[in-house]
Amino acid sequence: VQLQASGGGLVQAGGSLRLSCVASGRTFISCNMGWFRQFPGKEREFVAAITPSGGSADFADSVKGRFTISRDNAKSTVYLQMNSLKPEDTAVYYCTAGPRRATGWGPIRSLRSYDYWGQGTQVTVSS
């Protein structure tokens, strides 16, 4: 699976952005899809994830109620709608795909559950 993220940019606090991530390859529909973000000098941290059918999603506490995640399996695309953005949301955002392992699904919030990563898109929120 190859992932191409887009939609980042500069926005004022309180504004909105929608990130998109287009996947190539037939395994998209069988993967959990996630978004992580990385602050300078820090490890990537979980933001949101969605199951293959789109029937279930999970969010980091810091974005719950402000961000939503969705997917369009017909378009092999996952979206992250970010509302009420704060300066502390400034980071590089990565989309990622996590296939089912032989042992089952990995924890949806864990980096180690994901095998494929996009190139990252910068989100900057000004105060």
Side-chain angles (χ1 to χ4, degrees):
V1 178
Q2 291 185 322
L3 304 172
Q4 181 71 39
S6 62
L10 173 64
V11 64
Q12 287 190 330
S16 299
L17 282 174
R18 188 176 82 155
L19 305 184
S20 300
C21 177
V22 180
S24 62
R26 294 179 293 175
T27 59
F28 173 84
I29 60 173
S30 61
C31 289
N32 284 333
M33 296 299 298
W35 288 94
F36 284 70
R37 64 187 180 186
Q38 189 166 21
F39 304 109
K42 303 284 189 179
E43 284 193 353
R44 290 181 193 182
E45 67 173 36
F46 172 77
V47 176
I50 190 167
T51 54
S53 68
S56 182
D58 193 18
F59 298 89
D61 289 345
S62 58
V63 307
K64 204 170 289 185
R66 300 187 297 123
F67 291 11
T68 57
I69 188 171
S70 60
R71 64 190 294 164
D72 185 337
N73 285 343
K75 296 181 178 179
S76 296
T77 303
V78 62
Y79 305 97
L80 184 69
Q81 178 67 43
M82 304 185 295
N83 298 328
S84 302
L85 282 162
K86 305 175 181 179
E88 52 263 43
D89 294 317
T90 296
V92 178
Y93 285 70
Y94 296 88
C95 67
T96 183
R100 183 184 175 92
R101 312 278 193 215
T103 52
W105 292 106
I108 204 167
R109 295 189 175 201
S110 173
L111 270 171
R112 294 178 179 81
S113 298
Y114 298 90
D115 290 346
Y116 309 100
W117 294 85
Q119 83 284 10
T121 184
Q122 176 71 46
V123 171
T124 303
V125 184
S126 63
S127 56

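Bear in mind the structure is a predicted one, so any value in this text is a computation, not a measurement.
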Non-hydrogen atoms of Phe59 and Phe46 that approach each other most closely | C-CE2, 3.7 Å
Verdict with reasoning, Met82 to Arg66, per side chain to side chain contact (heavy atoms under 4.5 Å, CB included) = CA-CA 6 Å; Met82 304 185 295; Arg66 300 187 297 123; over 6 Å; no
For Thr90 and Val125, the nearest pair of non-hydrogen atoms, with its separation, is OG1-N, 2.9 Å
Do Tyr79 and Asp72 have side chains that get closer than 4.5 Å, going by heavy atoms?
-> yes
Are Phe67 and Leu19 close enough that some pair of their side-chain heavy atoms sits under 4.5 Å apart?
-> no
Should Ile108 and Leu111 be counted in the same cluster of Ile, Leu, Val, Met, Phe, Trp and Tyr side chains packed under 4.5 Å apart?
-> yes
Report whether Leu80 and Leu85 are members of the same hydrophobic cluster (ILVMFWY, side-chain heavy atoms less than 4.5 Å apart, transitive linking).
-> yes
Report the C-alpha separation of Ser16 and Gln81 in whole Å, then their side-chain angles, then the decisive distance to 0.1 Å, and conclude whether the side chain to side chain contact (heavy atoms under 4.5 Å, CB included) test is met.
-> CA-CA 7 Å; Ser16 299; Gln81 178 67 43; 3.9 Å; yes
Could you tell me whether the side chain of Asn73 and the main chain of Pro52 form a donor-acceptor pair under 3.5 Å?
-> yes
Say whether, by atom type as modelled, one donor and one acceptor occur between the side chain of Ser113 and the main chain of Pro107 under 3.5 angstrom.
-> yes
Here the pair of heavy atoms bringing Ala91 nearest to Gln122 is O-NE2, 3.4 Å
Go through the steps to decide whether Lys86 and Asp89 satisfy the test salt bridge (charged side-chain N to carboxylate O under 4.0 Å, His left out), and finish with yes or no.
-> CA-CA 5 Å; Lys86 305 175 181 179; Asp89 294 317; over 6 Å; no
For the student: nearest non-hydrogen atoms of Thr96 and Leu3, plus distance | CA-CD1, 3.6 Å
If you round to the nearest 0.5 Å, how far is OG of Ser6 from CZ of Arg18?
-> 9.0 Å
Does atom CD of Gln38 have more than 12 heavy-atom neighbours, drawn from other residues, nucleotides or ligands, at distances under 6.0 Å?
-> yes
For Val123 and Leu17, the nearest pair of non-hydrogen atoms, with its separation, is CG1-CD1, 3.9 Å
Measure the CD1-CG distance between Ile69 and Asp58 for me, rounded to the nearest 0.5 Å.
-> 9.5 Å
Do you know which of Phe36, Tyr93, Trp35 makes ring-ring contact (aromatic ring centres under 6.0 Å, His included) with Trp117?
-> Phe36
Lys64 atom NZ: more than 12 heavy-atom contacts under 6.0 Å = yes
Counting heavy atoms not belonging to Arg112, are there more than 12 under 6.0 Å from its CZ?
-> no
Would Tyr114 end up clustered with Val92 when hydrophobic side chains under 4.5 Å apart are linked, directly or stepwise?
-> yes
Where do Lys75 and Thr77 come nearest, in terms of heavy atoms and distance?
-> O-OG1, 2.8 Å
CD1/Ile29: more than 12 non-hydrogen atoms of other groups inside 6.0 Å = no
Intermediate values then yes/no, side chain to side chain contact (heavy atoms under 4.5 Å, CB included), Phe28 and Met33 = CA-CA 8 Å; Phe28 173 84; Met33 296 299 298; 3.7 Å; yes
Distance-only, no hydrogens or angles: does the Thr51 side chain make a donor-acceptor pair with backbone N or O of Ser56 under 3.5 Å?
-> yes
